[in-house]
*Asks:* 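Got a structure for you, written out below as structure tokens; questions coming shortly.
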Amino acid sequence: MPELPEVEVSRLGIEPHLKNARLLQVIVRHQQLRWPIPEIISQLRDQPILAVQRRAKYLLVQLPAGTILIHLGMSGHLKVLPQDTPAQKHDHVDWLLDNGKLLRLNDTRRFGAVLWQANGEGHELLDSLGPEPLTDDFTAEHLFALCQKRKAAIKLVLMDNHVVVGVGNIYANEALFKARILPTKPACELTLAQCAVLTNVVRKTLAQAIEQGGTTLKDFSRADGQPGYFKQELFVYGRGQQPCLVCEHPLTEIRLGQRSTVFCAHCQG
DNA sequence: ATATCCACCTGGCGGC
DNA sequence: TGCCGCCAGGTGGATA
């Protein structure tokens, strides 16, 4: 469930359990995620956890010597559980804490990652990322400037991490619908005004989803999964052929960059 | 530099 | 019930 809002909801859910706790030990059951988990991760012992932050879809667990980077990929989940909870299928990493709890990473498809960033060093995966969508760095002017250089479909540009981070397939579809812009429209054809609408819509949609994740938040450490809390808010994603919720014309579904793309040819034309 | 396609991996679904 | 192909919330990397 790792859209940016889900990652942020995860961060908000785990931070109270991790911050100011000590990391006693790390158990790596499956080292081969998207990349091998570095040896240094499994060798960590008795480290205070200083902070739990987020950059794009990476969670950053800050220790005195450096930072653990966690990416959830397509299927990753984090849970805080009592330390004696037996591991189940696809539970790949446990971080044991001194408060009787553990942080557990479950990732069916193993597209996620656990990496290490030493203090004072950047990380190549973070270095080239674009602005955070929920900060003032993501402006209409920034989006417009990059769009002018690209003739690719706006949906592909919106999902490009160099342009803005955190906009995945669901939110790219949803934001373009709300902005009334065709996903296939060449980015270089967008006006500054359209870029302004789009930046605002992206911001609003992500922020709203994070807020709704707050409901999930309080059950976060339960063993059971969480409901699709924003599912009822979706206008187009997963609704190909169904009537548009605004104009009732059937929604069109195509493939764009090998990703499912749904839009209303009437509203977004 | 951009654009395109592929790769990684497991599981759920619909169709035969 | 089984097998097969397709699909899935991501994104780095190879290629032209």
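Letters go in sequence order (proteins before strands), and every chain restarts at 1.
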*Asks:* A:V163 and A:H142: which non-hydrogen atoms are nearest, and at how many Å?
*Replies:*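 The answer is O-NE2, 2.7 Å.
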*Asks:* Let me know, please, whether A:E124 or A:N169 comes out on the 5' side of the other along DNA chain C by nearest nucleotide.
*Replies:* A:N169
*Asks:* Round to a whole Å and report the spacing from CZ of A:R109 to P of C:dA8.
*Replies:* 10 Å
*Asks:* More than 12 heavy atoms of other residues, nucleotides or ligands under 6.0 Å from NE2 of A:H266: is that the case?
*Replies:*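 Open: at most 12 neighbouring heavy atoms sit under 6.0 Å from NE2 of A:H266.
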*Asks:* Would you mind reading off the distance between A:L4 atom CG and C:dT11 atom C1', rounded to a whole angstrom?
*Replies:*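 Distance check: A:L4 CG to C:dT11 C1' gives 15 Å.
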*Asks:* Considering only the C1' atoms, how many Å lie between B:dT4 and C:dG9, rounded to the nearest integer?
*Replies:* 22 Å
*Asks:* Would you confirm whether A:Q268, through its side chain, and A:C264, through its main-chain N or O, come within 3.5 Å as a donor-acceptor pair?
*Replies:*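 Checking the backbone N and O of A:C264 against the side chain of A:Q268, a donor-acceptor pair under 3.5 Å is found.
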*Asks:* Pick out which of A:E3, A:E8, A:E6 makes a side-chain contact (heavy atoms from CB on, under 4.5 Å) with A:I210.
*Replies:* A:E8
*Asks:* What heavy-atom pair brings A:D107 and A:H92 nearest, and what distance separates the two atoms?
*Replies:* O-NE2, 2.7 Å
*Asks:* So, OP1 or OP2 of C:dG9: does either fall under 4.0 Å of a side-chain N or O from A:Y237?
*Replies:* yes
*Asks:* Does a side-chain N or O of A:H71 approach OP1 or OP2 of C:dT11 to a distance below 4.0 Å, or not?
*Replies:* yes
*Asks:* Under 5.5 Å between ring centres and under 30° between planes: does that hold for A:F111 against the base of B:dC9?
*Replies:*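 Aromatic stack with B:dC9 absent for A:F111.
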*Asks:* Sort by first number and list every stem of DNA chain C: at least 3 consecutive Watson-Crick or G-U wobble pairs, both distances under 3.5 Å.
*Replies:*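 DNA chain C stems, ordered by first number: B:2-8 with C:10-16, B:10-16 with C:2-8.
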*Asks:* Assign A:R255 to base, sugar-phosphate, or nothing according to its heavy-atom contacts below 4.0 angstrom with the strands shown.
*Replies:*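 Sugar-phosphate: the residue A:R255, judged by heavy atoms under 4.0 Å, touches backbone atoms but no base.
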*Asks:* Calculate the interatomic distance between A:H92 atom NE2 and B:dC9 atom P; express it in whole Å.
*Replies:*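 Those two atoms, NE2 and P, are 11 Å apart.
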*Asks:* With sequence neighbours excluded, what pairs up with A:D46 under the salt bridge (charged side-chain N to carboxylate O under 4.0 Å, His left out) test?
*Replies:* A:R22
*Asks:* Same cluster or not: A:L103 versus A:V26, using hydrophobic residues (I, L, V, M, F, W, Y) connected whenever any side-chain heavy atoms lie under 4.5 Å apart?
*Replies:* yes
*Asks:* Any chance you could list the contact pattern along nucleotides 1-6 of chain B? Use B for base contacts, S for sugar-phosphate-only contacts and - for none, protein heavy atoms under 4.0 Å, 5' to 3'.
*Replies:* --S-BB
*Asks:* Check this for me, if you would: do A:R55 and A:E132 make a salt bridge, where the nitrogen-to-carboxylate-oxygen distance has to be below 4.0 angstrom?
*Replies:*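 Yes, this pair counts.
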*Asks:* On DNA chain B, check which nucleotide each of A:R34 and A:H90 is closest to and give me the residue with the more 5' one.
*Replies:* A:R34
*Asks:* Find the distance A:L69:CG to C:dG12:C1' and express it as a whole number of Å.
*Replies:* 15 Å
*Asks:* Any side-chain N or O of A:R259 under 4.0 Å from OP1/OP2 of C:dA8?
*Replies:* no
*Asks:* Provide the closest heavy-atom pair for A:C188 versus A:Q148 in the form atom of the first, atom of the second, distance.
*Replies:*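 Looks like CB-O, 3.8 Å.
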*Asks:* Which value, in whole Å, describes the distance between the P atoms of nucleotides B:dC9 and C:dC3?
*Replies:* 23 Å
*Asks:* What is the distance, to the nearest angstrom, from the CD atom on A:E6 to the P atom on C:dA8?
*Replies:*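 Result: 19 Å.
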*Asks:* So, does the side chain of A:R110 form a donor-acceptor pair with the base of B:dC9 at under 3.5 Å?
*Replies:*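 Side chain to base: no pair below 3.5 Å.
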*Asks:* Think A:T108 has a side-chain N or O under 4.0 angstrom from the OP1 or OP2 of B:dC9?
*Replies:* no
*Asks:* Specify the separation, in whole Å, of atom CD of A:E253 and atom C1' of C:dA8.
*Replies:* 12 Å
*Asks:* Would you kindly say whether A:R34 and A:H71 are connected by a side-chain donor-acceptor distance under 3.5 Å?
*Replies:*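 No pair is found: no donor N or O on one side chain lies under 3.5 Å from an acceptor on the other.
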*Asks:* Closer than 4.0 Å, any side-chain N/O of A:K89 to the OP1 or OP2 of B:dG11?
*Replies:* yes
*Asks:* How many Å lie between NZ on A:K155 and P on C:dG10, as a whole number?
*Replies:*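 Checked: the NZ to P distance equals 9 Å.
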*Asks:* Taking the side chain as every heavy atom from C-beta outward, state whether A:I68 and A:L44 have any atom pair closer than 4.5 Å.
*Replies:*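 Heavy-atom side-chain distance check passes, below 4.5 Å.
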*Asks:* Which listed nucleotide (C:dG12, C:dG10, C:dA8) is nearest to the side chain of A:K57?
*Replies:*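 Nearest to the side-chain atoms of A:K57, counting from C-beta on, is C:dG10.
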*Asks:* Report the distance from atom CG of A:L33 to atom P of C:dG10, rounded to the nearest whole Å.
*Replies:*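 Distance check: A:L33 CG to C:dG10 P gives 17 Å.
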